[in-house]
Amino acid sequence: MPSIRKPLIPLAPLPVNELGLTLRDYEGGMSTLCAGCGHDSITAAITRAFFELSLPPEKIAKLSGIGCSSKTPTYFVSGAHGFNSVHGRMPPIVTGANAANRSSIYIGISGDGDSLSIGAGHFVHAVRRNVNMVYVIENNGVYGLTKGQFSATADVGSSAKKGAANETPPIDPVILALSLGATFVARSFSGDKGQLIPIIKAAVEHKGFALIDVISPCIQFNNHEGSTKSYHYVREHEIKEIDQVYIPPSGEITAVLPEDGIVKVKMFDGSTLAFRTLPPHYDPRDREGAMHYVNQARLRREIPTGLLFIDEDAPDVHELNSTTDTPLVDLPYESLCPGSGALARFMEGFK
Amino acid sequence: MPSIRKPLIPLAPLPVNELGLTLRDYEGGMSTLCAGCGHDSITAAITRAFFELSLPPEKIAKLSGIGCSSKTPTYFVSGAHGFNSVHGRMPPIVTGANAANRSSIYIGISGDGDSLSIGAGHFVHAVRRNVNMVYVIENNGVYGLTKGQFSATADVGSSAKKGAANETPPIDPVILALSLGATFVARSFSGDKGQLIPIIKAAVEHKGFALIDVISPCIQFNNHEGSTKSYHYVREHEIKEIDQVYIPPSGEITAVLPEDGIVKVKMFDGSTLAFRTLPPHYDPRDREGAMHYVNQARLRREIPTGLLFIDEDAPDVHELNSTTDTPLVDLPYESLCPGSGALARFMEGFK
Amino acid sequence: MTLSDNLETELNHTSRYVATSGVNDFAIRFANVNGTGSASANNLLLKSIFRMGIPVSGKNLFPSNIQGLPTWYELRVNGKGHTARASEFDLVVAMNGQTYREDVASLKSGGYLLYDSSWPLPKELMREDVNILGVPLSNLCTEPFPGSKERVLLRNIAYAGAVSALLDLDHSIVSEMLDEKYKKNEILRSSNQIALTIGYNYAKENFECPLPIRVAPLGVNANKILIDGNTTAALGCVYAGATVAGWYPITPATSIAENFLKLCERYRTFEVTRPDGTVEVKRNFAVLQAEDEIAALGMVVGAAWAGARSFTSTSGPGISLMNEIIGLAYYTEIPAVIINVQRTGPSTGMPTRVQQADLMTCAYASHGDTKHILLFPADPNECFSFAAKAFDLAEHFQTPVMMLSDLDIGMNDWVVDKLEWDDNYVWDRGRVLNSEQLAELPNFLRYSDPDDDYVTSRTLPGKDSKGAYFTRGSGHDRFGGYTESPEAYQDVVDRLTKKLQRAASYVPEPIIKSKPGSNLGVITIGSCEAAVLEALEILDEGGVSLDYMRLRGFPFDQSVRKFIDDHENCIVVEQNRDAQLRSLLILDLGVDPNLLRSVLSYGGFPLSTKSVVEGIEDLIKD
Amino acid sequence: MTLSDNLETELNHTSRYVATSGVNDFAIRFANVNGTGSASANNLLLKSIFRMGIPVSGKNLFPSNIQGLPTWYELRVNGKGHTARASEFDLVVAMNGQTYREDVASLKSGGYLLYDSSWPLPKELMREDVNILGVPLSNLCTEPFPGSKERVLLRNIAYAGAVSALLDLDHSIVSEMLDEKYKKNEILRSSNQIALTIGYNYAKENFECPLPIRVAPLGVNANKILIDGNTTAALGCVYAGATVAGWYPITPATSIAENFLKLCERYRTFEVTRPDGTVEVKRNFAVLQAEDEIAALGMVVGAAWAGARSFTSTSGPGISLMNEIIGLAYYTEIPAVIINVQRTGPSTGMPTRVQQADLMTCAYASHGDTKHILLFPADPNECFSFAAKAFDLAEHFQTPVMMLSDLDIGMNDWVVDKLEWDDNYVWDRGRVLNSEQLAELPNFLRYSDPDDDYVTSRTLPGKDSKGAYFTRGSGHDRFGGYTESPEAYQDVVDRLTKKLQRAASYVPEPIIKSKPGSNLGVITIGSCEAAVLEALEILDEGGVSLDYMRLRGFPFDQSVRKFIDDHENCIVVEQNRDAQLRSLLILDLGVDPNLLRSVLSYGGFPLSTKSVVEGIEDLIKD
Ligand SMILES: Cc1ncc(C[n+]2csc(CCOP(=O)(O)OP(=O)(O)O)c2C)c(N)n1
Ligand SMILES: Cc1ncc(C[n+]2csc(CCOP(=O)(O)OP(=O)(O)O)c2C)c(N)n1
Ligand code: SF4
Ligand code: SF4
Ligand SMILES: [Mg+2]
Ligand SMILES: [Mg+2]
C-alpha cells in the first residue's frame, strides 16, 4: 500500500473479483518508503494484478531480502504469509519453501543490490534451477536503504547524487538471465502500470522462474540529473516496443490488439499471452534474438520494455526433481517413515 | 609438475629462456593428483607458457580456491608466491592483492565448482571489475575433491559415474563471461597443449580479466561413457575452429599462419595476437557474434575452442580506479600519512 | 593443585594402556597408498571379525586427496569391547614405501611386520625386535592377474588372505563375504576369491598359523551392526520424516546427504503412469544440492518456514558460512536441523581428520546475542536417534538444532547395537495452528501467548489467511509487528533466553557412571567415549577411581551441574585445543573454572586410550 | 550474596541520577519525523552549545528507514561533563504526531513542552505538571517560505531559533554557524537565517527568556572537537597508512569507508599530465566496494598478503559472513583489520540502534579453535588512535585484529579531545623480510624461528624468489609445507595459542580509577563509559564507593586479573543480553563466575546513567 492514506470509508461499493474480494483485500500495511519512491508503484501494480487474477491471499507467499525494495512485501496482501529474510538470500529461501509446498504462489521481491551483488550467486542458481516463482528486481541502480552507493546495475557515466560518476560496467539482469537460460524474462518501468500489471499476471502463470526487472527510480538518492535510473531518463529512453496482453484461461480477451505483429503464447494453466511487438519480426521465443535486441538498444541508450523472452516448455524445478504432486508439507508421516520392519531389513545389510 | 617422476639428472643441457632459466625453474612440487588428471596437463601448459614468456618467477602470484584444480598452483613455479585460499573466494583475494601490488602477474586457478557454484557471485564481479589477471577454470563438470557430485557445468544428460543423469541446465562460463562484458574469453582443452600454451601467453599479456575455460577431464569421477567432459567426448566434439599464435613484443613470429582468415590484435604491451579463424568471417572482437557462435555450436553438440573474444581497449581495474602506477605496497609511509599539521587543520572543521 | 595428590603413589607406570596382545586382543595397522583399493581388503577383514562375533573397530586415517598419498587403516580387536584407537600395533602390514619408517616404528616390540617380499626387505623396515613376515604379494599376483590395474587392487585382497590365515579368521566367512559383495559380477568374484586364496595359502604354507595374536569366535555381536554414523544420521532424518534437504558437498559430511538421497529413492518413491502410458517415478522428498552452504541453510529455513521437516549437513567451513542464517532462524524462531560432522580446523585445516572444535562456534553461532541447542552423539547408534530427536526439538522449540557428529563417528564403521524404531512414535511438530485452531482465536499473534517452554504458536504459509503474519529478521514485537522500541524488542529476546533454558531439560540426559566414594569426575563428549571408558578402567586397575559423565546435549541440565558439584574436581576430556566443552560448562552452568581441568587431544587422529590415561595421570600427578 | 549488603542502608533513594536541572544542566528531546531535515536544526544547537565551551552530547535515535518514521534527537548539556544519555527531559520539542504520547511522557515534572501551535494543542500532549510553550511554527513559516518542501525544512530551523532564545544561546554563534554552513549558497543561507530569526524573535516576544534551564558560556572546549567515531576511525586508517579498503555498505559502518575515500581523495591524490597534455588524477589508494562482506574481507586479506595495510568496516551481519575468512587469516597468519561498528542483533535486528553484542562472536570468530585480538574504543578519540593501533597489532602479530566500535560512538557527535598525531610515529610492519635479509638466510621457512612474541617472519609476493612460499588454509607445518601429521599440525596451532597470549600485553591497557578502600569494582567497556562514570559519582555521593576499570583490549592482560583479584566482587556493565564481556573475562582469565555480576542494557538506545545506577543498586541490595 503506497504511503498516501486512503479515505477510511469508501464512497461507493468496491468492485470484487472472482473470489468476491476487493482490491483492499490485496493491500498490505502502510508503506514507510519515501513518498514518490518507484517501489510503491510496483507494490500497487502487484496489488492490482493479484486482485485481477483472483489469487486466494493464503496461497500467496511473498518473500524478500533486505533493502527498501525488500520491505515492500509488507505493503501488499496482508492476508498472505511474508518473509523479509536477510540480504541477498531470498532465492534459496524461496527455493526451499517451494520445495516444501509447491501449491503456493511464490513472489520474491528484491533490489539490484540484493540480487546482483551479495545475492548474485543465488540469483544465478535460482534461474538455473527454474524455481517456480515470480522474481521482481526493483531496480534503481543504487543502494537505497544504505543511502546511495552505486549498485551493480548503475550505468557507466551515471552520476551519484554527490556527483561522482560510475565507471564500472553494469550487470544487466535481463542479459544475465537470458544467458543463463531463464525461461521468462521481462523488463518494465515502475511508472508504467499499464504494462507492468499484465506482465506480473503472466509471470504468475508462468511455470518456472519469471524474472521481471522493473526500473524503479529512487527519488531520494538516484533521481537527479545524470542518473540513468531517474524518472526523467527512463521516460525519455524507454521504448515500449514489446507490449502484451494477458488473456486468462477463460479466454475472454479484455483488450483488443491490432492484429499486426501479434504473437500468442499458451501458458501452462491454459491462459494465453498475446504480444504485440512493434518490430514486426520480434520473436519472444528466440533467446539470442532477445539478447541481441536488448544489447543493440543499450548501445542506442534505449531501454526496451515488455516481456522479452518466454519458454513455456522447459521443465521447472519440480519436473527436474520429479517431486510428487502433493505438497511435501501435506504428506502424512506414515508416507514418510518406512517403519520398524523396513529398518530391521535394512539392518541386515550391516551384519 | 605432473605426477610422473622425471629422471634426476637431465641427459642434455636444458634450453634456457631470456632470463637464463630452464623449464625446470618453472616447475613446482610433485603433483598429488590422480595420474591422468586433466589438471596436470594444464599445469604443464602453464609451466611451459611462463617459461617461454620468460616471466620472472618472483613476479608471478598464483592463487586458488579449494578443489583438485585449486591444488595445482603448488605444482608450478616454486619460485612464485602462492595462496591456496578458501572455496570460491579466490577472485576477491586476487582483487585485493592486485590492488596492493599491480606489478605482479596474477594467475588464479579455479574449478567449475569453485567458480560457478560457491564462487559464482565473486566470479561475476571480478569480470565486471576487469581485474587484471589470468583466470583459469579447470572445468571437469564435477566436484573432484569431494568425489563426484555434478557441478554447475555438467551438461544436461551427462551421467554421473554411478549412472544418474544430470537434469539441470549447465552454466557455460564462456557465455556467462561474455554476457558480463568480459574482455578476454577463451576456451581450450587440457589435452591440447598446442592450443593452450599460446592462449595462456596471450592471457598473461592481456590487460584486464582473461578467462580461460579449459575442459579438463576428471579421470576418477567423470571420464566414463555418458560424461560430456570425458577425454573421449571432448576429442570427438571439439572444434578448433579458432586458433591463434602469440607473437611477442619483439615481433618475432615463431609460427607461420596461412594468410587466409587472419586477425591480428595488438596487445597492451606491444605484443601481437594473430588468429587464424576457420570460419573466415569470425570476428574475435564481436561479443555478440562470439556468443552466437558458441551457442550455435552447443546446439550441434560441438565445443569450439580458441580465443573467442578479446577487447583490448576496455579500462582495467586500475584505470577504473585511477590507481597510481607505483604499486601501493611500495609507497613510503611519508606519502601516505598527511602528518600532524594536516590533522590540526582538519580538526578545525570540527570546532 | 587440589587433584588428589595422594593418589600418585598408587599409580603403576608400566604401559597399561597397551592392551596385552593375544587372543581377541590386538591391533593391526595397514599402511596403504590411497586410491589403490585397499579399503575393500581392510573392510573385508573388519567385517569378517565382526561376523565372528568379536568386538572390533576400524579407523580409516585417510588424506585429503583422491589418489597417491599415504593412508592408514587401523583395526583393533578386543574381546572386552574396548575399541578405541590403539596407538601401538601388534601387526603392521606395510604396503607404502613413503611411510615405512613411521609404520615400522608403530609396531610393538615382539610384533609382526608383513611386507611385500617380491622385492628385498627395504632397509627402512628393518627392526631387530619384531617378527618379519615376507609375502611376495606382487609376484604371487603376477600370473593370475595380468592387468596391472587389476593386480594393484588384488594384491590387497591377497594380503587380506594372508592376514586372515595368520589371525585364524574363519575362512568360510571371509570367502562368503566376497561372494556376497560380488554376487552381481562373476569375474570380480572369482578373481577376488583367487587373490584371497593365494594369500591365505601362502601364509598357511610359510608361517606358523595362527599367530599368538589371533581371533577366537565370540557370540557378542548378535544384536549388533557394523555401520558408520553418516548412514545412520541419514536414516534418522528419513525416519523423522524430513522431506527437504539442502546441502553442499564437504568432507566428512557429504555422505549424509548422499545417503539420505539413496534412502529416499528406496523408501519414498513411487511410480505413476502418465496419460500417454509412460511411467514416471515420483518422489516424496526433495534433495537440493545448493550452490553453497549459505544457500543450503537458506533452503532449509525456507522449507521449515513452509512447514517441512528439513535439514542440512556440513562441516566447519560450512558452519562459518551459515552463521548469518543461523541467527535469522534463531530470531525468527524457525526450526532448522544442522548436522555438523566435525573435522580438523581452523580454516580448511585437515579436512579428513577429526576434531571436536566447533562446540563454541555452534553454541553461540551468529552475531548478536544467540544460543543454540546442540546434540552430541557418541556413535552411529546415537546419530540415528539424535538425528530424529533433532527434528522434534527444532520444531518443538522453533529454533535451530545442531547435531555435532565428527569424522570418526561419521565415516568409520562402528560396532553398535542394532537401530530400533518405535512404530508408535509421534512426531512433535510443535505449536503449529491449523485452521480449526485459528478459527477459535480472535486473531493470530505470532510471538504472543507463550507456553511453559516459552514457545509461541506459529502458522504455515499456504494454509489460512487468518494465520498470515510477517516473518522478519529485523526487530519485532510479541505480535510479530516491526518494532524499534526497546521494551518491545527486549520482551521477545528475553523470552528466547528462557526458551533456550527450558531446552536443557529436553536434550538427552548425560550418561553417568559413578562408583561410590570417588571424588574425581571425568566429563567427556561424543567420540571420546570409548577411549575414556577404557582409560578409566585402566586407571581403576591402577587404583585411581574416577566417575564418568558423557554429555549428550546443550544447554546443560541441572544433572550436569549436580555431577560437578558432587565432585571435588572434574577433568574434561575433549578433542580440541581450546577446551571448548569446558568453556561451555563454565559459561552455561557458572562453574568455577578452577574446578574443571582439561585433557585435550587435537592432532586429528581419533582419540587413543593412551593419550587419555597419560593426560589424566599428568593432571593427578601435578 | 556477598555484595556488600551492609551498604544498602547508606543508599539515598531519591532520583539522584536525574541531574537537577538548571544552568548548564539539562536535557532536551527533539521528536521528529525522519527525512524532514531536522538533523541540521538539531545539529546547529549542539554545535552552538559546544562553541560556547559547554560540555554537551547529542544522541540521534533514528529508524531503519529513509523517510517518514519517528526519529529523536537527545541533547544533553552538563557543565560537569556528564554527557551520557539522559532518560528524562527538561524540554521536549514535539514535532511528530505519531509519538506525542511517549514524548510528553519523557518530560520531567515541571519541564517544558514546545509544540507547533499553528494548530490547537493535541490532547495527547496535555500534561498538567509541565509548562507548555506553543510556537506557531508552520504559520510563522507560511509567508516567508511559500514552497511546501522548503517550509518543512525551515520549520525546524525556526524551532532551533526559538530554543536558542529559550536557552540563552549566543545568537551570534548560532547565526555565524548558518553563515558558515551555507557560505556557498546565498539563497539557502538567507532563508535559514530568516527562519532562525523568526523562531528566535517569537520566543523572545512571547516567553520569559531565558528559561531556568539555560546555558552559560564556559571555556572547557578549547582543546576539544565535536566529531563522530566513524570519521575518526577513517582518519586513523589514513594516518596508519592503510592503502586498500574492501567494504560493503551496512549501517552503521558505511560512513567509515565513505570517509576513508573522501579523506584519501583529499590527502592521497595527485595530478599527472598525460602525453597528450590532459591531466589525470592518480590515487595512492584503492577503495573497493565489494559485492558482499565475504569479498570485502577477501580483498583485505589478499591485499595484506601482498603487503598493503588494508581494512574493512562492517557490522554484525557482515561479521557473520566473514567468519570463514577470519579463520583463514588467523591460521595463515595474515594481518587484517576489521572495524565492527556494532548494532542491535541478532539477525538484522534493529540496524540503527546500538548494542555491544558481538564480543563473543568476534573473540572466537570462525570454526575450529581460534581467538582474535579485539580493541574496544570508548569514544571518537580512541577510534582514531585504536584504528591506527589495529594495523600495528595486525602486522606485528600477523593476525586479524577487530576494533569493536558501536553505533553510538560511530554515528553520534561527541565532544572529545582534539586528535593528535606524533610525526615520529614509525609503523610496525612486523617481521617482513626484504631481499637483503633473505640473502643472509640459508633458506626461508615461513612458520619457523618464532620471536619472543611467537611471531615468525613472512615475505611478500612480487619481491624475491627466495622468499617464495605457499600460503594455505589447510594443514601446514612450521616450514609452510602441507601436512596431515598430528605433531606438525599441533606445533603450529600451539604457537598460535602462545602468540595470542602475548598480544594481551600489547593491547591498550585498561583505564582504572580506584579509590582507597573500595572492595567493589565496576568493569565496563566502550561507549558505556560516560554513563558508568556518572553513575559511580552518584553512587559515591550516596555513600557507595566503587572502583572502575574500563577494558580496552582483548586478550586481557594481567592488570585486568589483578583488578578483579583486588576486589571482593565486580560488577560488569555492558550493552548486551548475554553478559558477553563477563563471559570473556571468565574464559580468558579463568575468573570464578560468582565473582562477576552483571548490569545489562540491550534495548538499543545508548546507555543511560539511570539504568546503571539502578542496576548496581539492585545488585547491591540483593
Ligand atoms: C549482510 C548484510 N550486509 C549489508 C546490509 C546492509 N544493507 C541493507 S539494504 C542494502 C542494499 C540495498 O540495496 P538494494 O537491494 O538495491 O535495495 P534498495 O534499497 O535500493 O531498494 C544493504 C547493503 C545488510 N542488511 N546485510
Ligand atoms: C566452504 C566449503 N564448502 C565445501 C568445501 C568442500 N569442497 C572442497 S573442493 C569442493 C569442490 C571442488 O570442485 P571443483 O571446484 O570443480 O574442483 P575439482 O576438484 O573438480 O577440480 C568442495 C565442495 C570446502 N572446502 N569449503
Ligand atoms: S531511499 Fe530510494 S529506494 Fe528507498 S524508499 Fe526512498 S526513494 Fe525508495
Ligand atoms: S579426482 Fe578427478 S579432478 Fe581430482 S585429481 Fe583425480 S582426476 Fe583430477
Ligand atoms: Mg537498489
Ligand atoms: Mg570440477
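Chain naming here is simple, since letters A, B, ... match the order of the sequence lines and numbering starts at 1 in each.
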**Request:** For each of Thr95(B), Leu331(B), Asn101(B), tally heavy-atom pairs with chain D at distances under 4.5 Å, and name the one with the top tally.
**Result:** Leu331(B)

**Pro73(B), part contacting chain D, at a heavy-atom distance under 4.5 Å** = both

**Asked** So which part of Ser85(B) gets closer than 4.5 Å to some heavy atom of chain D, the side chain, the backbone, both or neither?
**Response** both

**Prompt:** Are Phe285(D) and Thr323(B) close enough, and set up right, to give a side-chain contact (heavy atoms from CB on, under 4.5 Å), and what steps lead you there?
**Reply:** CA-CA 7 Å; Phe285(D) 64 94; Thr323(B) 332; over 6 Å; no

**Request:** Determine, for Asp330(B) against Lys463(D), whether the closest basic-nitrogen to carboxylate-oxygen distance falls under 4.0 angstrom.
**Result:** yes

**Request:** Sort Asp292(D) into side chain, backbone, both or neither according to what part of it lies under 4.5 angstrom from a heavy atom of chain B.
**Result:** side chain

**Item:** Ile66(B) versus chain D, the contacting section by heavy-atom distance below 4.5 Å
**Value:** neither

**Item:** Contact class of Lys466(D) relative to chain B, heavy atoms under 4.5 angstrom
**Value:** neither

**Asked** Do Leu336(B) and Thr243(D) have side chains that get closer than 4.5 Å, going by heavy atoms?
**Response** yes

**Item:** Within-4.5 Å side-chain heavy-atom neighbours: Ile93(B) and Leu328(D)
**Value:** yes

**Message:** Looking only at heavy atoms and a cut-off of under 4.5 Å, which of Asp325(B), Leu328(B), Val77(B), Asn98(B) has the most pairs with chain D?
**Reply:** Leu328(B)

**Message:** To the closest 0.5 Å, what do you measure between CZ (Phe350(B)) and CD1 (Ile227(D))?
**Reply:** 4.0 Å

**Asked** Which atoms of Ala80(B) come close to chain D, meaning under 4.5 Å heavy atom to heavy atom: side chain ones, backbone ones, both, or neither?
**Response** backbone

**Asked** Is the closest side-chain heavy-atom distance between Lys418(D) and Lys351(B) below 4.5 Å?
**Response** yes

**Request:** Pick one of side chain, backbone, both or neither for Ser322(B), based on which atoms fall under 4.5 Å of a heavy atom in chain D.
**Result:** both

**Request:** Using non-hydrogen atoms and a 4.5 Å limit, figure out which bit of Ala240(D) sits close to chain B: side chain, backbone, both or neither.
**Result:** backbone

**Request:** Report the residue from Arg89(B), Arg129(B), Arg128(B) that forms a salt bridge (charged side-chain N to carboxylate O under 4.0 Å, His left out) with Glu291(D).
**Result:** Arg129(B)

**Request:** May I ask you to test the His122(B)-Ile294(D) pair for a side-chain heavy-atom distance under 4.5 Å?
**Result:** yes

**Asked** Are any of the side-chain heavy atoms of Asn321(B) and Arg283(D) separated by less than 4.5 Å?
**Response** yes

**Asked** Arg51(D) versus chain B, heavy atoms under 4.5 Å apart: side chain, backbone, both or neither?
**Response** side chain

**Prompt:** Going by the angle between their ring planes, with limits at 30° and 60°, are Trp305(D) and His81(B) parallel, tilted or perpendicular?
**Reply:** perpendicular

**Request:** Calculate, to the nearest 0.5 Å, the distance between atoms CG and CG belonging to Leu343(B) and Leu419(D) respectively.
**Result:** 5.5 Å

**Message:** Using modelled atom types and a 3.5 Å cut-off, is there a donor and acceptor pairing between side-chain atoms of Asp423(D) and backbone atoms of Gly339(B)?
**Reply:** no

**Prompt:** Would a distance-only check, ignoring hydrogens and angles, find a side-chain to backbone donor-acceptor pair under 3.5 Å from Lys59(B) to Asp464(D)?
**Reply:** no

**Request:** Please report the C-alpha distance between Phe83(B) and Phe470(D) in whole Å, then the side-chain angles of each, then the deciding distance to 0.1 Å, and finally whether the ring pair (Phe, Tyr, Trp, His ring centres under 6.0 Å) criterion is met.
**Result:** CA-CA 6 Å; Phe83(B) 194 166; Phe470(D) 210 80; 8.4 Å; no

**Asked** Checking heavy atoms, do the side chain of Thr459(D), its backbone, both or neither come under 4.5 Å from chain B?
**Response** both

**Asked** Thr326(B) versus chain D, heavy atoms under 4.5 Å apart: side chain, backbone, both or neither?
**Response** neither

**Message:** Is Phe384(D) close to chain B through its backbone or its side chain, or both, or neither, when contacts mean heavy atoms under 4.5 Å?
**Reply:** side chain

**Message:** Heavy-atom cut-off 4.5 Å, strictly under: side chain, backbone, both or neither for Arg266(D) against chain B?
**Reply:** side chain

**Message:** Can you tell me which of Ser104(B), Ser335(B), Pro338(B) forms the most heavy-atom pairs within a distance under 4.5 Å of chain D?
**Reply:** Pro338(B)

**Item:** Contact origin within Glu180(D) toward chain B - heavy atom pairs under 4.5 Å
**Value:** neither

**Request:** Heavy-atom distances under 4.5 Å only: say whether Val300(D) touches chain B with side chain, backbone, both or neither.
**Result:** neither

